[in-house]
Amino acid sequence: MYAFTYHRPATARQAAGLLAKKEDAKILAGGHTLLPTMKQRLASPSALIDLGACADLKGIVRKGRNVVIGAMTTHAEVAESAIVQEAIPGLAWLASHIGDPHVRHRGTIGGSVANNDPAADYPAALLALDATIVTNTRKLGAEEFFTGLYETALEEGEIITRISFPIVSKASYAKFRNPASRYALVGVFVAKRGSDVRVAVTGAGESGVFRWPEAEAALKARFAPKSLDGLKATAKGINGDMHADPEYRAHLIGVMAKEAVARATGK
Ligand SMILES: Cc1cc2nc3c(=O)[nH]c(=O)nc-3n(C[C@H](O)[C@H](O)[C@H](O)COP(=O)(O)OP(=O)(O)OC[C@H]3O[C@@H](n4cnc5c(N)ncnc54)[C@H](O)[C@@H]3O)c2cc1C
């Protein structure tokens with residue numbers, strides 16, 4: 001056993017104040033990543049700041065052409081939200097395919113995004129939809145937010161408060177999941193906004209989530225599964241492990257991209 005103090009502030013502002021005061025403090029959201037890490041002694045914070053009682057970090061609203069999701073909103077709440085299902089159904093589908101019911105009812109969008117696991121689903125949606133990550137001090141675009149494996153642009157003491165997703169004309173996600181963990185072996189999110197198309201890949205990159213420019217160019221010409229015929233992702237820079245080698249993952253990127261476009265277009 002090692003000792004740590006536990007705090008349960010009522011607002012994000014109080015949480016930020018505690019974080020600034022306590023040395024080596026860590027934010028606790030759903031705890032699905034942080035607590036196992038602590039059990040394995042890979043993290044040993046002196047204090048845990050639990051955001052569970054911060055009502056200002058929860059909830060989903062539509063603001064003009066954006067869907068805004070509080071950081072402490074669970075995956076299950078995103079999956080079941082009528083607002084998300086109506087405005088960005090691909091995002092609701094993604095949330096409904098994270099882990100299992102237990103994970104979806106504890107895990108939060110803020111925790112998942114802050115953790116930036118290379119096999120997590122949300123980073124692909126944020127990058128493809130060009131979402132904005134709002135913290136207690138600033139706003140960051142997804143492109144500048146995800147900086148590497150388990151790395152983000154978050155600074156010491158910074159708290160994600162909400163994530164704003166632009167509503168696009170077409171968007172969807174397809175994932176080949178690891179049958180044991182259900183994380184993405186490869187997941188591809190596609191989004192069409194006006195004439196712009198973005199394709200973001202998770203689960204495969206050695207440095208985490210990335211965009212696939214060749215697929216974006218092909219889909220800009222025509223947003224249809226057929227546009228990806230014959231297009232192959234390179235295995236360079238792609239992850240290899242006991243679950244799948246780089247060539248297999250590269251192949252899956254093409255297959256998942258096609259499936260995502262088919263789902264987005266109803267073809
Ligand atoms: C069995 C299992 C299966 C899973 N399968 C999937 C899957 O298929 N797909 C998938 O994407 N994920 C999956 N996950 C991960 C799950 O989605 C968790 O939600 C995610 O790991 C972290 O979210 P959390 O709320 O539990 O965060 P926590 O574990 O509480 O926190 C994670 C990290 O983020 C920091 N943090 C949390 N909230 C904030 C905030 N608002 N601002 C700044 N920093 C913050 C914490 O300090 C910590 O460092 C799985 C997890 C498990 C245990």
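Values below: every heavy atom of this structure, side chains too, minus hydrogens, waters and symmetry copies. When a ligand or atom number is given, it counts from 1 through the structure's own listing order.
- Any N or O atom pair closer than 3.5 Å counts here, and Glu158 shares no such pair with ligand 1.
- Electrostatic pairing of Asp56 and Arg13 does not count as a salt bridge here, judged by no charged N lying under 4.0 Å from a carboxylate O.
- Residue-level proximity to ligand 1 for Arg104 is absent, since no heavy atom of it falls below 4.0 angstrom.
- For Tyr122, no nitrogen or oxygen atom sits less than 3.5 Å from a nitrogen or oxygen atom of ligand 1, counting backbone and side chain alike.
- Only the backbone of Ser181 comes within 4.0 Å of ligand 1, counting heavy atoms alone; no side-chain atom from C-beta on gets that close.
- For ligand 1 and Thr33, the ligand atoms under 4.0 Å from any heavy atom of the residue are 20 (C), 21 (O), 22 (C), 26 (O), 29 (O).
- None of Leu51, Leu57, Thr137 except one satisfies the side-chain contact (heavy atoms from CB on, under 4.5 Å) rule with Thr161; the exception is Leu57.
- Ionic pairing of Glu143 and Arg211 is present here: one or more N-O contacts between side-chain nitrogen and carboxylate oxygen are shorter than 4.0 angstrom.
- When heavy-atom distances to ligand 1 are checked against a 4.0 Å cut-off, Ala71 comes that close only through its side chain, counted from C-beta outward.
- Looking at Val103 against ligand 1, only its side chain comes within 4.0 Å, counting heavy atoms.
- Checked against a 3.5 angstrom limit, the closest N/O atoms of Gly31 and ligand 1 fall inside it.
- Of the protein's non-hydrogen atoms, Ala29 CB, 3.4 Å is the one closest to atom 38 (N) of ligand 1.
- A salt bridge is defined here as a Lys NZ or Arg NE, NH1 or NH2 lying under 4.0 Å from an Asp or Glu carboxylate O, and Arg249 with Asp241 meets this definition.
- Ligand 1 has an N or O atom lying under 3.5 Å from an N or O atom of His32, backbone or side chain.
- For atom 23 (O) of ligand 1, the nearest non-hydrogen atom from the set Gly187, Ala43, Ser112 comes from Ser112.
- Considering Val199, Ile238, Thr202 in turn, Ile238 is the only one that fulfils the side-chain contact (heavy atoms from CB on, under 4.5 Å) rule with Phe210.
- When each atom of ligand 1 is checked for a heavy atom of Gly30 under 4.0 Å away, the hits are 24 (P), 25 (O), 26 (O), 27 (O), 30 (O).
- Under the 4.5 Å side-chain heavy-atom criterion for grouping Ile, Leu, Val, Met, Phe, Trp and Tyr, Val201 is not connected to Phe189 through any hydrophobic cluster.
- Val134 belongs to no multi-residue hydrophobic cluster, having no ILVMFWY side-chain contact under 4.5 Å with any other such residue.
- With respect to Lys220 and Glu216, no salt bridge is recorded, no charged nitrogen being found less than 4.0 Å from a carboxylate O.
- Put simply, part of Lys175 is less than 4.0 Å from ligand 1, judged by heavy atoms.
- For atom 31 (O) of ligand 1, the nearest protein heavy atom (residue, atom name, distance) is Leu34 CB, 4.1 Å.
- At a heavy-atom cutoff of 4.0 Å, ligand 1 is contacted by the side chain of His75 but not by its backbone.
- Shortest contact from atom 32 (C) of ligand 1 to any protein heavy atom: Gly111 O, 3.9 Å.
- Here the shortest heavy-atom distance to atom 7 (C) of ligand 1, taken over Gly110, Gly99, Ala119, belongs to Gly99.
- Summary of contacts: the protein heavy atom closest to atom 36 (N) of ligand 1 is Ala114 CB, 3.8 Å.
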Acceptor/donor pairs from residues 74-85 side chains to any protein atom, 3.5 angstrom cut, sequence neighbours excluded:
residue	atom	partner	partner atom	Å
Thr74	OG1	Glu77	N	3.2
Thr74	OG1	Glu77	OE1	3.3
Glu77	OE1	Thr74	N	2.9
Ser81	OG	Ile83	N	3.2
Ser81	OG	Val84	N	3.0
Gln85	NE2	Ala79	O	2.9

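- From the protein, the heavy atom lying nearest to atom 9 (N) of ligand 1 is Asp121 OD2, 2.7 Å.
- For atom 47 (O) of ligand 1, the closest non-hydrogen atom of the protein is Ile27 O, 2.6 Å.
- Taking the six-membered ring where tryptophan is involved, the planes of His32 and His102 are tilted, since the angle between them lies from 30° to 60°.
- In this model, a donor atom of one side chain and an acceptor atom of the other lie less than 3.5 Å apart for Asp121 and Tyr173.
- Summarising the local packing, CZ of Arg222 is surrounded by 12 or fewer heavy atoms from other residues, nucleotides or ligands at distances under 6.0 Å.
- For atom 8 (O) of ligand 1, the closest heavy atom belonging to the protein is Arg182 O, 2.6 Å.
- The part of Leu51 lying near ligand 1 is the side chain, judged by heavy-atom distances below 4.0 Å.
- Crowding of Glu156 atom CD: a count of heavy atoms from other residues, nucleotides or ligands under 6.0 Å not exceeding 12.
- Look at Asp196 and Arg193 and you find no salt bridge, because none of the NZ, NE, NH1 or NH2 atoms lies under 4.0 Å from a carboxylate O.
- Ranking the protein heavy atoms by distance from atom 15 (C) of ligand 1 puts Tyr183 OH, 3.0 Å first.
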